[in-house]
Amino acid sequence: MKRVKVSRKAHFNAAHRLYRKDWTDDQNSTNFGKCANPHYHGHNYELIVSVTGEINPATGYVMDMKVLKDHIKSEVEDAFDHKNLNLEVPEFADLNPTAENIVVVIHEKLKPILQPGQSLEVVLYETPRNFVTYSE
Ligand code: NI
């Protein structure tokens, strides 16, 4: 069977600060520079969520895009949009909210939507030029 990748774009705005609680201010500043600013800073995050799988012969779909859209909204947009990731999103209470860690958290949250044999890739843009990709 032919495997097809279907993708949906989404976005959220969020604030964060890169730092480790167990490091001194100097260590955090040395490693994370202005991203360690104690007063936080914001990003317009963009993401592309892709599901790859076989076309269901009954529907002609790999996945109903409305189901994907609704899942991204409930699991990512409603959970992260206009939030302070460090303070308001439980997954980052003890996890540095780097783009790398955020993309893995998003992947974990969306994974339950997959049907057997499907795979999931998440691309997260922190800025128009900086982006990370996670798939498994
Ligand atoms: Ni940042």
Side-chain angles (χ1 to χ4, degrees):
M1 274 294 269
K2 292 180 172 59
R3 291 175 65 80
V4 176
K5 177 160 91 169
V6 300
S7 303
R8 168 93 189 164
K9 290 183 176 177
H11 75 98
F12 61 91
N13 302 323
H16 76 164
R17 175 193 183 196
L18 301 186
Y19 81 116
R20 291 185 60 106
K21 291 174 183 169
D22 55 335
W23 286 0
T24 65
D25 287 348
D26 275 353
Q27 283 177 300
N28 276 299
S29 174
T30 299
N31 281 277
F32 302 123
K34 63 184 182 182
C35 290
N37 177 354
H39 300 293
Y40 303 94
H41 63 276
H43 291 284
N44 295 317
Y45 290 96
E46 299 281 346
L47 65 155
I48 303 170
V49 178
S50 300
V51 175
T52 301
E54 293 179 359
I55 299 173
N56 178 331
T59 60
Y61 288 163
V62 171
M63 170 172 288
D64 184 336
M65 292 301 266
K66 183 175 188 318
V67 172
L68 183 58
K69 173 190 167 185
D70 290 348
H71 208 66
I72 293 169
K73 181 175 188 314
S74 62
E75 293 301 318
V76 182
E77 294 174 339
D78 291 350
F80 294 178
D81 191 39
H82 285 74
K83 297 285 175 66
N84 180 312
L85 298 179
N86 302 77
L87 301 181
E88 296 180 276
V89 178
E91 285 85 350
F92 302 109
D94 293 303
L95 181 67
N96 202 11
T98 60
E100 291 88 333
N101 283 331
I102 297 169
V103 80
V104 171
V105 166
I106 290 172
H107 192 282
E108 292 295 317
K109 288 169 72 82
L110 295 177
K111 212 165 49 175
I113 202 175
L114 295 181
Q115 298 294 318
Q118 294 182 335
S119 60
L120 176 68
E121 176 190 272
V122 182
V123 180
L124 179 72
Y125 284 77
E126 192 168 70
T127 73
R129 292 169 190 267
N130 294 345
F131 60 98
V132 296
T133 303
Y134 183 62
S135 56
E136 64 170 20

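Whatever order the structure lists them in is the order used to number ligands and atoms, beginning at 1.
- The two atoms that bring Lys109 and His71 nearest to each other are O-NE2, 3.8 Å, heavy atoms only.
- A salt bridge does not link Lys66 with Asp64: none of the charged nitrogens is closer than 4.0 Å to a carboxylate oxygen.
- Within the 2.8 Å limit, Cys35 places no N, O or S atom next to the Ni ion (ligand 1).
- Angle subtended at the Ni ion (ligand 1) by His43 NE2 and His16 NE2: 100°, rounded to 10 degrees.
- The distance between the ring centers of His41 and His43 falls below 6.0 angstrom.
- His41 contributes atom NE2 as its closest N/O/S atom to the Ni ion (ligand 1).
- Tyr125 and Phe131 have parallel rings, their planes meeting at less than 30° on a 0 to 90° scale where 60° marks the start of perpendicular.
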